[in-house]
Amino acid sequence: MQIKTSSTMPTSPPPAENNGAAAAYFDFRAAERVPESHVWAGMHEKDTAPVVAAGDEHDDDEDHDDDEPGGDMRDGHAVPVESLSRAEEQAARLFALPAPDKARAARRPGGGSTGYGVPPYLLRYPKRMWAEGYTFPPPAIRDEFRRVWPDAGDDYHRFCSAMEEYDAAMRALGERLLAMFFKALGLAGDDAAGGKTERRIRDTLTSTIHLNMFPRCPDPDRAVGLVAHTDSGFFTFILQSPVPGLQLLRRRPDRWVTVPGTPGALIVVVGDLFHVLTNGRFHSVFHRAVVNRENDRISMPYFLGPPADMKVTPLVAAGSPESKAVYQAVTWPEYMAIRDKLFGTNISALTMIRVAKEEDEES
Ligand SMILES: C=C1C[C@]23C[C@H]1CC[C@H]2[C@@]12CCC[C@@](C)(C(=O)O1)[C@H]2[C@@H]3C(=O)O
Ligand SMILES: O=C(O)CCC(=O)C(=O)O
Ligand SMILES: [Fe+2]
C-alpha cells in the first residue's frame, strides 16, 4: 500500500487484523490509552492548519447577507425537531448494545457500504479512527436491523420508526434545499430545460444514513474521530448536538473551524458531485471529526446524491459569464473509483475529471 506524505497521514503500515471488511472494533470503552493502531501523529501539530472556533474567525472577502440560499429555512418549521431527537436517542441505544449484537450486522464482504463497521474507503488508511459506524440506505432499514434485533420486538420497532421519521424529515429538507440551490444559481424551474433537470435530480435523489459514535478518548490529541475528507455525493446534513466535534476547513489561509455544539443546528456539507453539478460554483468542503476526553459524541450524517446510473453533468446557466463545463460527466460509482485509485496521493479526484481550468486555483 502506498503511504501518503501529507502531515495528517500516519506512516506505519496497517495492522493486518483490521483489513477484513467485517473487522471488529477495538473496545474503546475499556481503553485507558490510545493504542498504536489508533495513533495519528501530527494531527494537531503546528504544521497543520490551526483550529479556530466558529465566530472567532474573520473573513473579509465573503459577504454574509440575508440572501444566502439557506436564509428562509430558518423561519417556519422546516424540520420536525422531535424526529431528530428521537433518532439521536435511538442511535445512542444502538451503540450502547453489547458488541456481539452489533457485530451480527457487520458489513458483508462485497456488500457495498451497508452494515456495521468501518466504511471501505476508511479501511485503506493505515490507522484506525476513534469511532464506530453503521451505514445503511433508508429503504433497507427494516431488513438491515432485523440482524441486530432478530426477535423484531419493541426495541426493533422503536428504532426503525425513529430512523424512518428521520429519513422522511431529511429527505423533505433535501428536496427543498435543492430547489433553493437551483434558484440561487439561476437554474430554477422558470425555463423548461432548467425545470426539467431540477425535477429529474430531485425525483431521483438517493440517500444514505451513516451513524457515527465517537467514544470519549483518553488522549484526544493523538486520535482522530474521522480523518479529513470531502463527501462524494451532492450534499450531507449533519445535525449538531451539545458535544462539538465537527471541523470545517476554511481556505487561504487554511484553518480548521470548529462548528459549535448547538443542538438542533443542521450543517450542510457540499460534496464533490455537487461541485461538479454546479460546475465549481458550489465548492465541496474538507471536514473532519475530532474526539474529546469527556463525552461520547453521536452524529448521523444524511448523505444525498444521485442514483448510481446518473451521469452528473455540470449545469451551465444561460447568460452566465461562464459558458462551458469544466468537469467531465461522471456517475457516483465512477467518481468513487477514481477517488479510490488516487488514495495515497495528494491528487483530488475532482482535478482528474476537470477538463478546463477554473479561474480560482484548487491546489
Ligand atoms: C453514501 C456514502 C457516502 C460515503 C460512502 C457512502 C456511505 C458512507 C459514507 C462515508 C462516511 C464517512 C466518510 C466517507 C468519505 C466514507 O468513507 O464513508 C463517506 C462517503 C463519501 O461521502 O464518499
Ligand atoms: O461526525 C461528524 O460531524 C462528521 C461526519 C462526516 O463527515 C461523515 O460521516 O462523512
Ligand atoms: Fe463527511
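Here the structure is a predicted model, which means the values were calculated and not measured. Atoms within each ligand, like the ligands themselves, are counted from 1 in listed order.
Of the options Glu144, Glu132, Arg107, a side chain to side chain donor-acceptor pair (under 3.5 Å) to Tyr116 is made by Glu132 and by none of the others.
Protein N/O/S atoms closer than 2.8 Å to the Fe ion (ligand 3): His229 NE2, Asp231 OD1, His287 NE2.
Under the 4.0 Å criterion applied to side-chain N and carboxylate O atoms, Asp101 and Arg147 are not assigned as salt-bridge partners. One finds no salt bridge joining Glu89 and Arg93 here, because no Lys/Arg side-chain nitrogen approaches an Asp/Glu carboxylate oxygen to under 4.0 Å.
Ring to ring, Phe214 and Phe28 are not that close: their centroids are 6.0 angstrom or more apart.
Under 4.0 Å from ligand 1, heavy atoms of Ser232 appear from its side chain as well as its backbone.
Of all protein heavy atoms, the one lying nearest to atom 5 (C) of ligand 1 is Met336 CE, 3.9 Å. Of the protein's heavy atoms, Pro119 CB, 3.5 Å lies nearest to atom 18 (O) of ligand 1. Protein heavy atom closest to atom 6 (C) of ligand 1, with residue, atom name and distance, is Ser113 OG, 4.0 Å. In terms of protein heavy-atom proximity, atom 1 (C) of ligand 1 is closest to Thr208 OG1, 3.4 Å.
Thr236 and Tyr302 share no side-chain donor-acceptor pair at under 3.5 Å. Between the side chains of Asp155 and His157, not a single donor N or O lies within less than 3.5 Å of an accepting N or O. No donor-acceptor contact under 3.5 angstrom links the side chains of Gln240 and Thr262, judged on distance only. Looking at Asp340 and Tyr121, their side chains never bring a donor and an acceptor atom within 3.5 Å of each other.
Here Val269 is tied into one hydrophobic group with Ile238, Leu246, Leu248, Val259, Ile267, Val285, each link being a pair of ILVMFWY side chains closer than 4.5 Å.
Other residues, nucleotides and ligands contribute over 12 non-hydrogen atoms within 6.0 Å of the CG atom of Asp151. The 12-atom threshold is exceeded at CE of Met310, counting heavy atoms of other residues, nucleotides or ligands nearer than 6.0 Å.
Set against the non-hydrogen atoms of Thr135, the atoms of ligand 1 under 4.0 Å away are 7 (C), 8 (C). Under a 4.0 Å criterion applied to the non-hydrogen atoms of Leu122, ligand 1 contributes the atoms 17 (O). Near Trp332, with a cut-off below 4.0 Å to any heavy atom, the atoms of ligand 1 are 1 (C).
The heavy atom nearest to atom 14 (C) of ligand 1, considering only His229, Met129, Arg288, is found in His229. Distances from atom 19 (C) of ligand 1 to the heavy atoms of Phe136, Phe303, Tyr125, Tyr121 show the closest one on Phe303.
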Return a table of N or O atom pairs, ligand 2 on one side and protein on the other, at distances under 3.5 Å, rounded to 0.1 Å.
unit_1, atom_1, unit_2, atom_2, d
ligand 2, 1 (O), Arg297, NH1, 3.3
ligand 2, 1 (O), Ser299, OG, 2.6
ligand 2, 3 (O), Arg297, NH2, 2.7
ligand 2, 7 (O), His229, NE2, 3.3
ligand 2, 7 (O), His287, NE2, 2.9
ligand 2, 9 (O), Asn212, ND2, 3.3
ligand 2, 10 (O), His229, NE2, 3.1
ligand 2, 10 (O), Asp231, OD1, 3.3

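Among residues two or more places apart in sequence or in another chain, the ring pair (Phe, Tyr, Trp, His ring centres under 6.0 Å) test is passed with Phe145 by Tyr134, Phe136, Phe159.
Connection of Val268 to Phe303 is not established within any shared hydrophobic cluster, with ILVMFWY side chains joined at heavy-atom distances below 4.5 Å, either directly or through further cluster members. Residue Leu249 is grouped with residue Val51 when hydrophobic side chains (ILVMFWY) are merged at heavy-atom distances under 4.5 angstrom, including chains of intermediate members.
Side-chain atoms of Arg288 and Val227, non-hydrogen and from C-beta on, never get closer than 4.5 Å to each other.
Inclusion of Arg339 in the set of residues having an N or O under 3.5 Å from an N or O of ligand 1 is warranted.
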